Every structure is written in C-alpha cells, then in structure tokens.
Amino acid sequence: MPNRVRTAVFPVAGLGTRFLPATKAMPKEMLTVVDRPLIQYAVDEAREAGIEHFVFVTGRNKGVIEDHFDRQYELEHTLESRGKLDALSELQKDLPSAGQSSFTRQQEPLGLGHAVWCARELVSDQPFALLLPDMVFQARPGVLKQMMETYEQTGGNIIGVEEVDPKDVSSYGIVARGAGPDSGFKITGMVEKPKPADAPSNLFISGRYILQPEIFSLLGEQTKGAGGEIQLTDAMQMLIRTQDFTGVKYAGKGFDCGSKLGFLTANVVFALDRPDLAEAFRNEIRGLI
Ligand code: UTP
C-alpha cells in the first residue's frame, strides 16, 4: 500500500492578469461560478477525495481567501435570527474543520513551481495532492477522487489529463502516453506548450496532481523556465527520470476559469446543472440566442 495522501496544496498567489481589472483587488480564485468561488470547488473536490489538511499558498491581496474559510459569527447569527437555516447550514458545511487549514505566503509570484515549493515545510516528507483552483470540473466522482483510486493501486506520481483539440496543444502541458488504460497509463514524458507538430499526444495536464515529496528538492534548485518563471513541469520532467508517473484520463470535463472563455462557459454549464436554476436559465438563454 502506498503512503496515504492526506494533504492538498492550493496555489493561490498568482496575479490573474488575464482577468484584470476584476483581479486588481480581488483574488482570481474568488471569482464565482454561479454562486461558489473557484477555490471552494477545489476544496470540496479535495475533501471528497479524503484530504484532511488544506494548505493554501497565498500572496498579497489574498486575505479574503483566508476569511472565506473562517467562520463569520455576525453573518451566522443574522441568518439564524432570520430563520435562513438552509443558507446557514450551506455555509457551515463548506468550511474545513478547526485546525485543518494552513496558510503560507509566496512573497513574489515567481511561478507555479515556486508556489508549490513554498508549501514544503507544511507538507513535509509525504505525498501530497496539488489542485490548481482555476480549473473546475464537471466530474462524478470528482477528478481527484478518481486519481486517488488509481494512486492506491500504483503509488508514485499521478497526473490528471484530458483531451484537447490537437490544434490547441501549444497552450498546455502535454504528456506522452505509454501502456495502460485511461484509468492509469504510464507517462513516458511531458512537454510544456509544444507546437502541434511536436506534441506527443493531445492529452493536456489539467491542474490535478498527486506528487511525491522529492519534487521539493528539484523545485528548490529554483531554475527559471518558460516566461522566466519557476515551472512545475520542468521539475516533473526531472523527477520522471527516477520515479513513476501515471496518467489518469478521468471521466469528466474541465473548464479553465483562468481564461474568460472558460470561465463564461463554466458558468453556463454549471447553471444548467443546478436544479434550482436550470429551467429558468435555459429559457433566458433561448430568449437571447
Ligand atoms: P496561472 O498560470 O493561471 O497564472 O496560475 P496567474 O498568474 O494566476 O494568472 P494569469 O496568467 O496572470 O492570468 C495557475 C495557478 O497557480 C497559481 C495561481 O494563483 C493559480 O491558482 N500561481 C501562479 C501561484 O500561486 N503563484 C505563481 O507565481 C503563479
């Protein structure tokens, strides 16, 4: 049996420049899909997968994320006194329990790899899940849970992947697929943003990982990669020389809410999936198009 994965890391220190001016004073991870912030979807997905320790790598202007995962006594009291008990229980079930959350700071946004490295003392010497909160998924069970089921069989490092239109591979990290089924195949290599002609597949790395702690010493070398940032993919490319990486082509679909198009699409798809909104929203859209 591989070591259990109890800790998840959520890097939330990026600048979110693609969403300016919305992200000037508000973190991108607090943008909402219907009525829940992006970070809440990621935390819920991690909890469903059995995670017990939630590590947030925050930065400047991100204090509201910490507040979001804290209790708001005034609000709770007001909801209770007004008899809005459904809203109250909704708020309470969203929270990690006392002592389950940790926060650390990435003082400068030097890249995703650097943000992950900032979590090293909190994660310590154990495997951990990594969830990029700007990706939200329609998947049942959740993507991390599907990956966790594979991890229990294989151990090692796991990367969640999804198909992308081959002409769009140059926007993503792409894996090379070796032997094995969709639920767990050998990853033989990975490449960041390849030209379509050079891409080893059309399977993109969609922001969900289970990683072994050896990644931290590789990230600690602080080598700058594409865009002058410390890239996670560069460290994984080194780790794959000595450790197994397994790909999971999960059942479900991801939406890149760090891009305007992905964010707008996610809002439509998730609203149409909500029993309390679907019918009225469908009628509104029909009237518009
Ligand atoms: P992105 O690659 O989407 O970058 O980060 P970004 O800076 O947030 O957004 P744009 O590209 O400027 O619009 C993916 C995830 O990694 C985090 C982000 O907060 C996001 O959740 N991240 C990125 C960090 O925590 N630190 C970094 O230095 C970079």
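Everything numeric in this text was worked out from a predicted model, so none of it was measured. Indexing begins at 1, ligand by ligand and atom by atom, following the structure's order. The first residue in the sequence is number 1, and the count goes up from there.
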Under 3.5 Å side-chain donor-acceptor pair for His114 and Glu229: no
Numbered atoms and elements of ligand 1 in range of Pro133, under 4.0 angstrom, heavy atoms: 21 (O)
Residue pair Gln106 / Thr58, side-chain donor-acceptor N/O under 3.5 Å: no
Identity and separation of the nearest protein heavy atom to atom 1 (P) of ligand 1: Lys28 NZ, 3.9 Å
Ligand-residue contact atoms, ligand 1 with Glu29, heavy atoms, under 4.0 Å: 18 (C), 19 (O), 20 (C), 21 (O)
Ligand 1 contact on His114 by region, counting heavy-atom pairs under 4.0 Å: neither
For ligand 1, the portion of Glu229 having any non-hydrogen atom under 4.0 Å away: neither
Side chains of Thr233 and Glu192, donor plus acceptor under 3.5 Å: yes
Phe19-ligand 1 polar pair, N/O distance under 3.5 Å: no
Protein heavy-atom partner closest to atom 21 (O) of ligand 1 - residue, atom, separation in Å: Pro11 O, 2.8 Å
Sub-4.0 Å atoms of ligand 1 with respect to non-hydrogen atoms of Gln106: 24 (C), 25 (O), 26 (N), 27 (C), 28 (O)
Ring centres under 6.0 angstrom apart (Tyr209, Phe128): no
Cation-pi, Phe185 ring and Arg177 (6.0 angstrom, 45 degrees): yes
Heavy atom of the protein closest to atom 28 (O) of ligand 1 (residue, atom name, distance): Gly111 N, 2.8 Å
Atoms of ligand 1 close to Pro109 [distance to a heavy atom under 4.0 angstrom, numbered from 1]: 28 (O)
Contact check: Glu108 vs ligand 1, nitrogen or oxygen atoms, below 3.5 angstrom: no
Distance-only polar pair, side chains of Gln243 and Glu214, donor-acceptor under 3.5 Å: yes
Residues Tyr250 and Ser183: side-chain donor-acceptor under 3.5 angstrom: no
Atoms of ligand 1 close to Leu112 [distance to a heavy atom under 4.0 angstrom, numbered from 1]: 16 (O), 27 (C), 29 (C)
Proximity to ligand 1 by part of Ala13, non-hydrogen separation under 4.0 Å: both
Distance from atom 11 (O) of ligand 1 to nearest protein heavy atom, with residue and atom: Arg18 NE, 3.1 Å
Location of contacts on Thr17 toward ligand 1, heavy atoms closer than 4.0 Å: both
Close approach of Gly14 to ligand 1, heavy atoms, under 4.0 angstrom: yes
Contacting atoms of ligand 1, where contact means under 4.0 angstrom from a heavy atom of Leu110: 28 (O)
Ligand 1 versus Asp134: contacting region, heavy-atom distance under 4.0 Å: side chain
Atom indices of ligand 1, in the order listed, that fall short of 4.0 Å to a heavy atom of Ala115: 24 (C), 25 (O), 26 (N)
